[in-house]
Amino acid sequence: MANGVRVRFAPSPTGDIHIGNLRAAIHNFLFARHEGGKFLLRIEDTDRERNTPQAIASLLDYMAWMGLDFDEPPVYQSKNLAIHKEAAERLLKSGHAYRSTKGAEGKGEAIIFRLNFDVSYSDIVKGPLAKSAADLKDFVILRSDGTPTFHLANVVDDIRMGITHVIRGDDHVENTFKHVPLFRALGAEPPRYAHLPQIVNEKGRPLSKRDGDVNVGEFRAKGYLPDALFNALALCGWSPGDDREIMTREEMIEAFSLERVRPSPARFDYRKLEWINSQYIARMPAERLRKLLDAELASAGLDAGCRDDNWWKILLEPVRPRLKTLKDFVPLVRTFFEQPETYEPKDVRKYLAEGNGRRFLEDLLGAFGAVADWTAQSAGEALQKYAEGKGLKLGEVAQPLRVALNGRAVSLPMDATLFLMGKDEVLARIRRCLQRTAGA
RNA sequence: GUCCACAUCGUCUAGCCAGGCCUAGGACAUCAGAUUCUCAGUCUGAGGACCGGGGUUCGAAUCCCCGUGGGGACACCA
C-alpha cells in the first residue's frame, strides 16, 4: 500500500512549537499514516540568529513527546543554500527569472521570478483556486546577498524531498500561486495542496503568543498528556464524520482524510481539551499513570519512596476521576505527606465547634486505636460501625474527621484517606486537631 | 485599498459536493435531577443554531445571486 505519498512538516525551530503548527504536523502525520506514505521533517533553520542548537533540540524533543515519528532523518534547510542558489541561476538561464535592483535601495542585484500569467490550482480543502496575472507580481527568489527567499527554498527542498502533498496553514494559500509556477519552471510537477484553516482566539483572530497557552511547552507544563493534546488538535478543523471524539491514534489514522477538513477557521476549545485530557487519564493503564504521578510528587519535593504498590493501588482509583490534568494531583495528595498547616475556620466552626464533632473525634481515637490490621477496608468499617452505633449518618462523622485530618472538609473518600495516611498519623492528627481547636 | 476564501447551538462540529430521511444530530460548556461520607466522577434530563435578503424548485441548512460580518494575503519575513 506504499503508494509514494510523501509529506513533510517544515517548522522553523524557534524554541517551541505553536499549536497551529503542531496541528499541521498532526494532520500531515495522520495523512501519511493513513495513506501508507512517509512523514518527513524539514527544519527550516536559515535564520541563524533565532535558530539555536537548543531550539532544534527542543523541537526534536517535542516531536518525540507527541509521538510524531518521522520516517527519514530530518533535512536541514541551511545545508541546501548552495543548491537553492544554483536553482535560482538555472531559472535565470531558462528565462523564468531576471536580475534587478528594484526595491533594494542600493543593495545590489537580486534574482526575480517572472510571474505575469494566470495561475490556478485545486486545493484539497479549499477547492479550485485561481488568480489572474493582473493580481500577481514578480517576486524575489534570491536576495542581493545571495541567500534564497522562503519561496525558493521551500519549493526546491520540496522537489528534492519528493514531496507529493503539501499540508500547511491557510496563511500560505496566496504563496501557493508563487509556488506552483516555481515548481513548473524548475521542471517539476507541483504537489497537491491542502490548506488547513487557521486556529483563532476568542476574538476570531489568529492565535498569538499574547493569548497564552499557544505553545506545546505550555501544555506540557500544565499537565496535559501528549495523546490528549494530539486528539484535541487532530479534531481542530477535522472530524471523522461520525460522532467519535475520543479516538485512539489508530482510529484517527484509519478515519483521517483531507477531504473532511473544514475550510473555515476554528477556535481552539481549551475546556474540551481539559475534558479530553481527563478522559485519557481515566483510561490510562495504571502503571503509566503511576509513573507520571510519581514524577509530579518528585517535582513537588514530596518523597513517595516508601509507598508500596498497594498504597498506589488504593490511591489511584479515587484519584483518577479527580484529575483533569497531572497538575491536579499534588494538591489532592499533599495531605498524605504533610500535616495541615491551618484548619479552615469555616469548616472548624461548622463541623467541630457547632455540633458534636469534637466528641466524635475523641471516640474515633478509641475506635481506630482498636483496629489491628489497618487497611482501607478495616479503617472504613471502623468508621462506619462507629457512626451506625451512634445512629448517625456517615457524613456526620466523616466531615469532622476530614477537618481534623486535612484541615478542611474536602478530601478523597474516607476509607482510602485513612489507609493512605496510615494509622499512627491518623491518630496523631486527630489529637493535634483536638488540641489546636480547643475552645474554638 | 486590491485580491482570495469563509459563515449551523456560547464553543467544536455532523448534515451541504450527489435538495426531501432535518419538528437540524453529537460533544464541550451551562442549568436541573439522581447516586453519595465531602469534592469529583457517573447517569438522566433541560435550554440552546441553519448571518440577512432575494431567487431556482412541488420542496433549500443544502443550489444561484446580492448584502453583511469576521478573516487571510498583498516584503530582498517565513
Side-chain angles (χ1 to χ4, degrees), chain A residues 10-12 14 44 46-47 50 77 100-105 107-112 123 125-132 134-137 139-151 153-154 168-178 195 197-200 202-206 232 235-246 259-260 262-276 278-279 282 318-324 328 332 347 351 380 383-384 387 392-403 406 408-415 417:
Chain A
S12 97
T14 48
E44 308 214 325
T46 48
D47 182 343
R50 286 195 302 171
Q77 185 162 70
S100 171
T101 57
K102 262 186 198 142
E105 297 305 319
K107 283 273 174 155
E109 282 187 330
I111 299 184
I112 318 247
D123 192 282
V125 344
K126 306 238 174 224
L129 261 19
K131 206 103 180 170
S132 65
D135 296 321
L136 260 12
K137 51 183 184 186
F139 62 96
V140 174
I141 53 177
L142 197 75
R143 300 188 190 93
S144 47
D145 66 1
T147 59
T149 61
F150 158 75
H151 305 294
N154 205 262
R168 59 186 4 175
D170 72 4
D171 44 330
H172 283 295
V173 194
E174 307 282 329
N175 289 335
T176 308
F177 292 106
K178 299 176 177 163
H195 285 102
Q198 301 242 287
I199 300 178
V200 298
E202 293 300 309
K203 296 177 199 126
R205 316 203 48 183
L235 253 19
C236 226
W238 172 78
S239 78
D242 48 39
D243 290 336
R244 287 179 297 168
E245 294 196 315
I246 306 279
E259 282 77 13
R260 290 203 52 82
R262 283 172 62 83
S264 47
R267 206 158 300 190
F268 187 62
D269 193 338
Y270 291 91
R271 306 252 215 154
K272 197 154 185 169
L273 169 65
E274 218 172 52
W275 174 76
I276 291 176
S278 71
Q279 293 295 311
V319 145
R320 260 184 209 268
R322 272 163 257 254
L323 301 180
K324 282 191 167 67
D328 293 332
L332 274 178
D347 293 334
Y351 297 112
L383 181 64
Q384 193 120 23
L392 300 165
K393 290 177 66 178
L394 189 52
E396 294 180 76
V397 286
Q399 288 308 82
L401 183 57
R402 279 200 162 83
V403 178
N406 309 298
R408 57 196 210 105
V410 177
S411 80
L412 296 183
M414 287 318 301
D415 53 352
T417 297

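We name chains A, B, ... by the order of the sequence lines, and we start the count at 1 in each one. This one's a predicted model, so the numbers in the text were calculated from it and none came from an experiment.
Rounding to whole angstrom units, CG of residue A/Asp242 and C1' of B/A14 are separated by 9 Å. Atom CD1 of A/Ile111 is separated from atom P of B/A75 by 20 Å (rounded to the nearest Å). Distance A/Tyr351 OH to B/C37 C1': 10 Å, rounded to the nearest Å. With rounding to whole Å, A/Leu136 atom CG is found 12 Å from B/A75 atom P. One atom, CD of A/Gln77, and another, C1' of B/C77, lie 13 Å apart when rounded to the nearest Å. Separating the CE atom of A/Met414 from the C1' atom of B/U36 is a distance of 15 Å, rounded to the nearest angstrom.
Each of A/Asp415 and A/Lys131 has a nearest nucleotide on RNA chain B; the 5'-most of these lies closest to A/Lys131. Positionally, the nearest nucleotide of RNA chain B for A/Arg244 lies more toward the 5' end than for the other of A/Arg244 and A/Leu323.
Side-chain contact between A/Asn154 and A/Glu44: present, with at least one pair of heavy atoms (C-beta onward) separated by less than 4.5 Å.
As judged by a 4.0 angstrom heavy-atom cut-off over every strand, A/Asp171 is placed among residues touching the sugar-phosphate backbone only. Within 4.0 Å (heavy atoms only), A/Glu44 reaches sugar-phosphate atoms of the nucleic acid but no base atom. Using a 4.0 Å heavy-atom distance criterion, A/His195 is classed as making no nucleic acid contact. No contact: A/Arg168 has no heavy atom under 4.0 Å from any strand. Using a 4.0 Å heavy-atom criterion, one finds that A/Gln279 contacts the sugar-phosphate atoms exclusively. When heavy atoms are screened at a 4.0 angstrom cut-off, A/Gly237 is found touching the sugar-phosphate backbone but no base atom. Nucleic acid contact class of A/Lys137 (heavy atoms, under 4.0 Å, all strands): sugar-phosphate only. The residue A/Leu412 sits close to a base: some heavy atom pair falls under 4.0 Å. Within 4.0 Å (heavy atoms only), A/Glu396 reaches no atom of the nucleic acid at all.
In this structure, NZ in A/Lys178 is found 8.5 Å from CG in A/Leu136, a value given to the nearest 0.5 Å.
For A/Glu245 and B/G26, a side-chain-to-base donor-acceptor distance below 3.5 Å is present, hydrogens and geometry of angles not being considered. For a distance-only test at 3.5 Å, the side chain of A/Arg262 fails to qualify as a donor-acceptor partner of the base of B/C6. Between the side chain of A/Lys126 and the base of B/A5, no donor-acceptor pair under 3.5 Å is found. A donor-acceptor contact under 3.5 angstrom links the side-chain atoms of A/Glu174 to the base of B/G72. Donor-acceptor pairing under 3.5 Å, judged by distance alone, is present between the side chain of A/Asn175 and the base of B/A78.
In terms of modelled atom types and a separation under 3.5 Å, the side chain of A/Thr176 and the main chain of A/His172 share a donor-acceptor contact. A side-chain donor-acceptor contact under 3.5 Å links A/Asn406 to the backbone of A/Arg402. Under a 3.5 Å cut-off, the side chain of A/Arg262 and the backbone N or O of A/Gly237 do not form any donor-acceptor pair. With hydrogens and angles ignored, the 3.5 Å screen pairs a side-chain donor or acceptor of A/Asp123 with a backbone N or O of A/His195.
Listed nucleotides: B/C37, B/C28, B/C4. Nearest to the side chain of A/Arg271: B/C28. Of the candidates B/G25, B/A78, B/A7, the closest approach to any side-chain atom of A/Ser264 belongs to B/A7. Comparing B/G26, B/A78, B/U13 against the side chain of A/Ala266 picks out B/U13 as the nearest. Residue A/Arg143 places its side chain closer to B/C77 than to any other of B/C37, B/C77, B/A40. When the nucleotides B/A5, B/C39, B/C37 are ranked by their closest atom to the side chain of A/Val410, B/C39 comes out on top. Set against B/U11, B/G72, B/C77, the side chain of A/Asp269 has B/U11 as its closest nucleotide. Closest contact between the side chain of A/Pro321 and the listed nucleotides B/G41, B/A27, B/A78 involves B/G41. Each of B/A78, B/U13, B/A5 was ranked by its minimum atom distance to the side chain of A/Ser239; first place goes to B/U13. Side-chain atoms of A/Gln399 lie closest to B/U38 of the nucleotides B/C77, B/C28, B/U38.
Phosphate proximity of B/A29 to A/Arg267: absent, as no side-chain N or O sits under 4.0 Å from OP1 or OP2. Taking 4.0 angstrom as the limit, A/Ser411 places none of its side-chain polar atoms (N or O) nearer than this to OP1 or OP2 of B/U38. Within the structure, a side-chain polar atom (N or O) of A/Arg260 is placed less than 4.0 Å from OP1 or OP2 of B/A14.
Spacing between B/G48 and B/G53 at atom C1', rounded to whole Å, works out to 25 Å.
Of the charged side-chain nitrogens involved, none lies within less than 4.0 Å of a carboxylate oxygen, so that A/Asp145 and A/Arg143 do not count as a salt-bridged pair.
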